[in-house]
Asker: 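I have a structure here, written as structure tokens, and I will follow up with some questions on it.
Counting convention: from 1, in listed order, for ligands and their atoms alike.
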Amino acid sequence: MTDDLLKEKYEKFEAVVLENNPTANLERIRAAYEFARNAHSSQKRKDGSPYIVHPLAAAEIVAEMGLDEDAIMAALLHDVVEDTSATLEDISKLFGPSVAAIVDGVTKLSRVQYTSKEEQQVENLRKMLMAMAKDIRVIIIKMADRLHNMRTMEYQSAEKQAEKALETMEIYAPLAHRLGMQRIKWELEDRSIYYLDPIGYAEIQEGLARILKGNEDFLERIQEKISTRLKELGIECTVYGRIKHVYSIYRKMYSQNKTLSEVLDLYAFRVIVGDVADCYNVLGYIHEMFRPLPGHFKDYIRTPKPNMYQSLHTTVLGSDGIPFEVQIRTWEMHHTAEYGVAAHWKYKQGVNKKTADEEKFAWVRRLLEAQQDADAQDFVENLKIDMFSDEVFVFTPKGDVVNLPAGATPIDFAYNIHSDIGNHMIGAIVNGRIVPYNHVLQNGDIVEVLTSKSAKGPSRDWLGIVKSPVARNKIRQWFKKEKREENIAHGKEAFEAELKRALIPMSEITREDVLPKILARLKFPSLEELYAAIGYGGMSAQKAVNRIRDELRTIERSKKKEEEITAPAGKKLKPIHGILVEGIDNCLVKFARCCSPVPGDPAIGYITRGFGVSVHRKDCKNYLKSIADPEEAGRWVKVTWANS
Ligand code: MN
């Protein structure tokens, strides 16, 4: 490309700037252009033209949308930090911190790498772009950048074309849609589908050409008819017709399983008028002129679309039986429909800088809050969270996005990638600098974890530093597995201290008749396992001791119950030979000779035939033999020693 041609391009760009932004300082803009041109001087685009053609084109798109001087300059400079030796400091010094901040934002977004991912990852990426951008101008410049790249994609390899087209379709077109930037959205979609489904694209184009053949003047005729009639009626308006975008036809065909000829309204007309009242007037006149198709009228003026789109839509039949859509709107609605967020920018030019920024921000928020469809709802929910920072999005060195809770540290990052990385971590680098373990990550940080095979593993302090449940669990897991001996020692120590505090002697819980019950209650197979769990943090010593205390009480209570003897109703048992017999008052009592029980022995009574109750020790062979015999067992009765 000759210098003259470049000069011509620049002059055209300047004219666009002036047209949309009459007060812009052209000298500052030119200085940014010269700086970028020098910085990129050794680079060429794939088609052989100087690299500067690309940022210049992106800046022109940005200027066309009416963005301010800083944004236009940032668009000119958007690739210098990433691709040349120029630094952000240079830009800040030469063009001010505000331009530098936008360039920084765009540079960070450029580092986001995209490989086709599942829907959740895609949504994360979209959210991250928004969360990172902070300044909406960053996103708009990124859109312009992408749009120009898509326009000049023919010089790229087929692989690159497919990759970029998919990314555009999944990330940038939906973002453009949500930000209300219809014009960019449509162009991005059409250019993407051209590469993603070349056959489908060609079919629609050929089909459209066939349908249009012999109908070439249809658009003109209808346009003429409408505008003549409305002018007769004294309504000032602009009318134009167009064929619908390839992708909007494509989507209808595939989602509704229709052939091209079944897709109604391939043609769309726009009537742009001065005020809302005229929108409804025009609607009435259109319906007078052409027969409306029932069920095709939509009032997006009264009920704007989630992205703030407003218009009246109706589909009518032309005199030759060809259906077409008419969209009726005011100029303001038209600008919002075409440029979305950016249009609003245009209206706020010249207002005090700070309030303007706040208003822009508020507007974006309102815009996003207004989005009601399900996926957008989720997007907005998450975006709101991002804006008030409950989440943070960071990159791996490869450019993958990792989503962490706000306040997350490099340790959280490491464990969220893989437990092995966390367990072998010996340090972290954030944006090229070594940081301490408790460094709080920011949106867009590029995080690298330094690992070593000989790393000692996590430290217990890390449990107090990490913010994500994933990291916390994985660190506990590690302590559980790798440090069993140490855990048991730690756990035992903590447990014994806690037991002491509860005034429970160790000997009380290790008794043969008590320990199995306690372990069952705590759901551990052995005390060692309990210590290990306390050691790695799976159970607190306090909790364990509380349960043990409960269990001891239960055991105590049931023992007492076992020893209690019930008397027949209304009577009080009197001891005979120092023995109380359950349910029997005043009976004959004798002591068995086989085992000779003495006071204090665990005892049991046998109801003899005619000789009253015979008292045996509980470990007496005769008792044990008899209790096992079903015919005999029923004759055994509880007895207890009276206190005296
Ligand atoms: Mn670029």
Asker: Counting only N and O atoms by type, is there a donor-acceptor contact under 3.5 Å from the side chain of D70 to the main-chain atoms of S98?
Answerer: no

Asker: Please check if any side-chain donor atom of H78 sits under 3.5 Å from a side-chain acceptor atom of D145, or the reverse.
Answerer: yes

Asker: I want to know whether Y201 and Y250 have ring centres closer than 6.0 Å.
Answerer: no

Asker: Suppose the cut-off is 2.8 Å; which protein N/O/S atoms would you list for the Mn ion (ligand 1)?
Answerer: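 Listed by chain and number, the nearby protein N, O or S atoms are H54 NE2, H78 NE2, D79 OD2, D145 OD1.
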
Asker: Tell me if the centroids of the rings in Y240 and F269 come within less than 6.0 Å of each other.
Answerer: no

Asker: Can you label the angle between the H335 ring and the Y339 ring as parallel, tilted or perpendicular, going by 30° and 60°?
Answerer: parallel

Asker: Can you see which heavy atom on P405 is nearest to which on K467, and at what distance?
Answerer: CG-O, 3.8 Å

